[in-house]
Amino acid sequence: MSDNAKFVEDITDKDDDFSKWYNEVIRKAELADYGPVRGTMIIRPYGYALWENIQKLLDTRFKEVDVENAYFPLLIPKSFFEREAEHIEGFAPELAWVTRGGGEELEEPLAIRPTSETIIGHAYSRWIQSYRDLPVLINLWNNVVRWEKRTTLFLRTSEFLWQEGHSAHRSIEDAEERTRMMLETYRALAEEDLAMPVVAGRKSENEKFAGALRTYSIEALMSDGKALQAGTSHNLGENFARSFDIQYSDTDGQRKYCATVSWGASTRLIGGLIMTHGDNAGLIMPPKVAPIQAVIVPIWRKEEEKSAVAVLVEQLVKRLKANGVRVKADWREETPGWKYNEWEMRGVPVRLEVGPRDVKTNSVMLVRRDNRAKEAVPVEALDNRLPQVFGEVQKGLFERALKFQAGNTHEVSDYDEFKQVMAGQRGFVKVKWAEDTEAELKIKEETKATLRCVPLDQAGFTPGPSLFTGKPATGYALFARAY
RNA sequence: CGGGGCGUAGCACAGCCCGGUAGUGCGCUUGCUUUGGGAGCAAGAAGUCGUAGGUUCGAAUCCUAUCGCCCCGACCA
C-alpha cells in the first residue's frame, strides 16, 4: 500500500533506518523499556503477554514429546565451570560473578548462570544410576545473564528470559535423535505459531556451542536482510557426562557414560517476530500469539447511539470470549481514527468497528491489520468468520515472509558474486561448501557474513567445488550477516 | 572495548557558536463542542537543561570528568 505513510505519525520509516524503527516500535507499542543497568530490559505487560503466549505454545509442544519442567538454582559454583574446558573458555568473558554474601567475601565465587549445563550435569550424575533411569528429559523456564558489550532490546540483552532443555540418554545416537526432535519442535513453533519461516540446519565447527559435539539451529531472515538464530539444539555427546561423571549401568552390566543434549530458545523470538512481520505502521502480531487478537472500536455521535452501541459491544465481547478469542473493547475517550492507528501500531491482527450503522444491521465492520481489508460481518456469522480470518492472517503472514525469504536467498557459485550480494541487498547466500574454519573466518573478515548453517534440506545439491577453497563440496551452506 | 553522533517537560526538538529570568510542537489536566482513518476552541499543570566538579558577578551555553543512549567496528542466544 503506497499511502501507508499517511496512517502513521511518529514512527521512523522502516526502510529509512531499520534499527531506529525497531527500537521505536518496541517502545511505542509498550512491549519493553530499558532497565537501569546497562543491557537490561523491562518487559512490559503487552510484551510479557506475548512471551506468555509463546511459552504456552512451546511448553505444550515440549510436553507432547515427554519433557518435564523443573527449576534449578541461579547461582553456580565457580568450580563447576572449570570442569568442562571448552565450556568455560566459551563463556568466561560473559560471566557475572557474585563474590559477597551476608556481608562477607565468599570462599568460592558464584556465577550467575549463563546457561545450566554444569549444574544440570552435577544433578544428573547423582540421579542417574541405571539405563532404566534414561532418558531424563527436563526443561527449565528461567532467566540467564551473559555480560554483553553491545545490546539490543530482545535480540541481545545482558539478562534474558528463555527455556533451556536438558536431557540425558543411553547413547550418542539416542541423543542425536532427541537433538533433532527438539530442533523440529522449534521449527514448528517458529513456522506454525509465529508465522516465521526458518531454515533448519547444522552449525559449522566454528559456530557450534562451547562444549558441544554438534549444534543445530533454526535461522530466520529478517526484513533488513540479516539472519537471526531463533533456536538451538545441541548434541553434547559424552563431553559433559565425562566432566560431571554422569554414568549408568547398562543391560550388559557395564558402567557407561550418558550422552547429553541441551536446547534453548529465548525472548529473542519476540525480536524475530517484530522484524519479520512489522511494517511502517508498526507491529503485526500473528493471531496465534497476539496478546489481543481482536480489538473492538465503538463509534457513536449521540448518547442514545452510544448506549445502543454499548449493548452490541458488550454482547460481542461476551460472545467472543466464550469462543476463546482474546478480545478487548476500547472505550477510551479518543476518536475512532486515533484508536485505529494506535491498535495497528500495536499489531492487533483484527479490528472490529461497531457503530450506529452496524447496530442497525446487527453486524460489525471487520478490518485486517496485515492488508487493511474490510468486510461487514453479520453478528451471527462472526463465530465462524473470525477464526477463519485469524487463520487467513496467520497463513498470509507466513506466506509473505516465506516469499521474502525465497526472494532474498541467493545461490552463488563465485566469491565475487557473494561479495556483491553482501554489499547490496544481503539476505541468505547459498553456496556449495566443504567444512573449513579458516575459510569461514576469512569470509567473515572480508564480508561480515557468517556461516549460519548447513541446511538439513539439501534438495537440488549436485557435487561441485566449494566456494572460496575449491575443495569438493559436501553440501549447501547458508551464509548471512547475522544479529 | 575502539571510532563517530546525541543527552533540554512524557515524546520530538529549538536555544549553545557570541554566557544575562526556560522555549516550540505533540502529549497531559479541566470545561464545552466533537467522534466511521490520528478532532476544535478555551483555560491550566509540568523541566535540579544526563550527572559531578571547575571558570565567572552570573552557566543549558565555556572547560574537565563521568554516566547513558544511538550508529559503525572487535566478541556472542
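Per chain, numbering begins at 1; letters A, B, ... match sequence-line order.
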Scan [X] against the nucleic acid and name what it touches under 4.0 Å (heavy atoms): base, sugar-phosphate only, or nothing.
X: A/R38; value: sugar-phosphate
X: A/G264; value: nothing
X: A/K444; value: sugar-phosphate
X: A/E353; value: base
X: A/T115; value: nothing
X: A/R369; value: nothing
X: A/Y34; value: sugar-phosphate
X: A/D358; value: base

Pick the closest RNA chain B nucleotide for A/T335 and for A/P298 by heavy atoms, then say which residue is nearer the 5' end. A/P298
Closest-nucleotide 5' rank along RNA chain B - winner of A/G39 and A/R268: A/G39
Given the structure, check if the side chain of A/R351 and the base of B/G37 hold any donor-acceptor pair shorter than 3.5 Å. yes
Donor-acceptor pair (no angle test) under 3.5 Å: A/E344 side chain, B/G37 base: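 Result: at least one qualifying N/O pair found.
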Within this structure, what is the CD1-to-C1' distance between A/I42 and B/C69, rounded to whole angstrom?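 So the two atoms are 15 Å apart, to the nearest Å.
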Whole Å only: how far is the NZ atom of A/K20 from the C1' atom of B/C11? 12 Å
Parallel, tilted or perpendicular, judged at 30° and 60°: which one describes the rings of [X] and [Y]?
X: A/F81; Y: A/W97; result: perpendicular
X: A/F80; Y: A/H122; result: tilted
X: A/W331; Y: A/W300; result: tilted
X: A/F418; Y: A/Y415; result: tilted

Look through every strand shown and name the nucleotide pairing with B/G68 as Watson-Crick or G-U wobble, where both distances are under 3.5 Å.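 Per the H-bond distance test, B/C6.
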Please give the nucleotide sitting opposite B/U55 as a Watson-Crick or G-U wobble pair, both distances under 3.5 Å, or none.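 Paired with B/U55, as far as the under-3.5 Å criterion goes, is no nucleotide at all.
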If you only use heavy atoms from C-beta on, which nucleotide in B/C70, B/G68, B/A77 is closest to the side chain of A/N23? B/C70
Nearest to the side chain of A/K149, which nucleotide is it out of B/A74, B/C71, B/U35?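 Nearest to the side chain of A/K149 among the choices is B/A74.
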Would you say B/U35 has OP1 or OP2 under 4.0 Å from some side-chain N or O of A/R301? yes
Any donor-acceptor N or O pair under 3.5 Å, side chains A/T215, A/H234: yes
